[in-house]
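To keep things clear, I will list the structure first and then write my remarks on it.
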Protein chains: 2
Amino acid sequence: MARTKGSVGATTQKAILDAAKTLIVKHGFEAMTLRQLAAEVGVQPASIYRYIESKDTLLAALMTEHMDTLIHAWEALEDKGETPDEQLEAFVAFHIRYHVERREDVFIANMELRSLGEAARADVVAKRRAYELNLWRILEEGVKTGDFPETDLEVATYAILAMLTGVCFWYRPEGRLTVEQIIEIHQGLVMRGVVSGDFQAV
Amino acid sequence: MARTKGSVGATTQKAILDAAKTLIVKHGFEAMTLRQLAAEVGVQPASIYRYIESKDTLLAALMTEHMDTLIHAWEALEDKGETPDEQLEAFVAFHIRYHVERREDVFIANMELRSLGEAARADVVAKRRAYELNLWRILEEGVKTGDFPETDLEVATYAILAMLTGVCFWYRPEGRLTVEQIIEIHQGLVMRGVVSGDFQAV
DNA sequence: TTATTAATCAAACGTACGTTCGTTTAATTA
DNA sequence: TAATTAAACGAACGTACGTTTGATTAATAA
């Protein structure tokens, strides 16, 4: 056999990327083999090379695309809030909403930096930093206006991001809570912590 | 060559486990090869089998030992606090202090559940659940006594753990902040969140 | 309809994998 | 010192790896 009936390049391309994500999550990038990937797509190993330059560039493509899409999605968000409080709530909602829908990408982005080449890693790290800055600046602004108490901006940024991204590791669509409920709970935790309830806030 | 001068079983055993941790963090468990591991230890691949039954049991041993040690360390902690506030602060301090010192184990425990066999995975998951319950119960108690406002206990537990464990991913011993400073900041974030400062708390 | 391009295949390349085997040397015990 | 045990070795097993090559068929353009 050679070219199969009904085969379309764009379709195969997407199938390869989708299957690659699933396999990387399941086995890790280094451990995923192109033979597994080919089998998942329903194609011979050699055919993969019509769509990727090498195994390494496949990972780089997945990760940079994820970061680009994430950054662009935040930029495109209509209502980012006015006051620091509103901005922080908007960020929390956006981050959770976006990430739970892309749990495979998030898992890969968090785990496989180690497997990127030097250039690709630098690129992804820079993009991650750029995204983190969005939250950092909201916190900075809030502290400046006096809406938020003094705090270490770097640690607070990392802490909030870790907490929000952590949802990806336990969230299940069929679970007890909807995404919107989860967002509300996290907004409460971020804004007021565990101890300070509404009754204590202004 | 055969037995080498000065070779001691216990020493080699420890060297194997230490090198395995480093390699698993760097490459992922599936991608780590026993030939790499042997080279790191300075031994032939075949010699590894004097200390492990198989590659799979090596991972299981690393992960269950990590969970056992963690659970036991919390149990052995002297001052777990009296009031819910104090207990929560004690947990935050313990968790960060313990985890930043064992970043490799934490990374492996978080990443390589997927590579465990069914029995070992069930065991590790149960132990993780048991550890999480320590925090869960502190929160539950605090809500019951009225020290903490009503909240979703499950989500709050996961959120706090994600935030605290997240420190492992950026903490560096030579970094700007000491572990104790990082603990204080996180105690503030957990107890009062970003918005509610001391000036608003009781 | 014919020529061209797109999409796939089968086969093979050298290399490395986890693991087993029997042997050899060092340290310990009798 | 002699016998035993501990700790390593080198070589090999069948299998699978990422990738390259050239041929083959399907869809499209002329």
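Proteins get letters first, then strands, A, B, ... in listed order; numbering begins at 1 in each.
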Rounding to a whole Å, what distance do you find between [X]:[atom1] and [N]:[atom2]?
X: A:Y51; N: C:dC9; atom1: OH; atom2: P; answer: 10 Å
X: B:L37; N: D:dA8; atom1: CG; atom2: P; answer: 13 Å
X: A:Q13; N: C:dA6; atom1: CD; atom2: C1'; answer: 14 Å
X: A:R50; N: D:dA27; atom1: CZ; atom2: C1'; answer: 13 Å
X: A:I48; N: D:dT20; atom1: CD1; atom2: C1'; answer: 15 Å
X: B:I16; N: D:dA8; atom1: CD1; atom2: C1'; answer: 11 Å
X: B:Y49; N: C:dT20; atom1: OH; atom2: C1'; answer: 9 Å
X: A:M32; N: D:dA16; atom1: CE; atom2: C1'; answer: 15 Å

*Is there a donor on the side chain of B:R35 or the base of C:dA16 sitting less than 3.5 Å from an acceptor on the other?*
no
Judged by atom type as modelled, is there a donor-acceptor pair below 3.5 Å linking the side chain of [X] to the main-chain atoms of [Y]?
X: A:H186; Y: A:I182; result: yes
X: A:K55; Y: A:E30; result: yes
X: A:D18; Y: A:A15; result: no

*Consider the side chain of A:A46, meaning its heavy atoms from C-beta on, and name the nucleotide among D:dC17, D:dT20, C:dT8 that approaches it most closely.*
D:dT20
*Which nucleotide sits closest to the side chain of A:V43: C:dT8, D:dA7, C:dG18?*
C:dT8
*asked:* Classify B:S47 by what it touches in the nucleic acid, base, sugar-phosphate, or nothing, heavy-atom distance under 4.0 Å.
replied: base
*Yes or no on side-chain contact (heavy atoms from CB on, under 4.5 Å) for B:E140 and B:F148, after CA distance, side-chain angles and deciding distance?*
CA-CA 9 Å; B:E140 192 174 33; B:F148 305 159; over 6 Å; no
*Might you point out which heavy atoms bring A:Q44 and A:A38 nearest each other, and give the distance in Å?*
C-CB, 3.7 Å
Does [X] make a side-chain N or O approach to OP1 or OP2 of [N] shorter than 4.0 Å?
X: B:Q44; N: D:dG10; answer: yes
X: A:T12; N: C:dT8; answer: yes
X: B:T4; N: D:dA7; answer: no

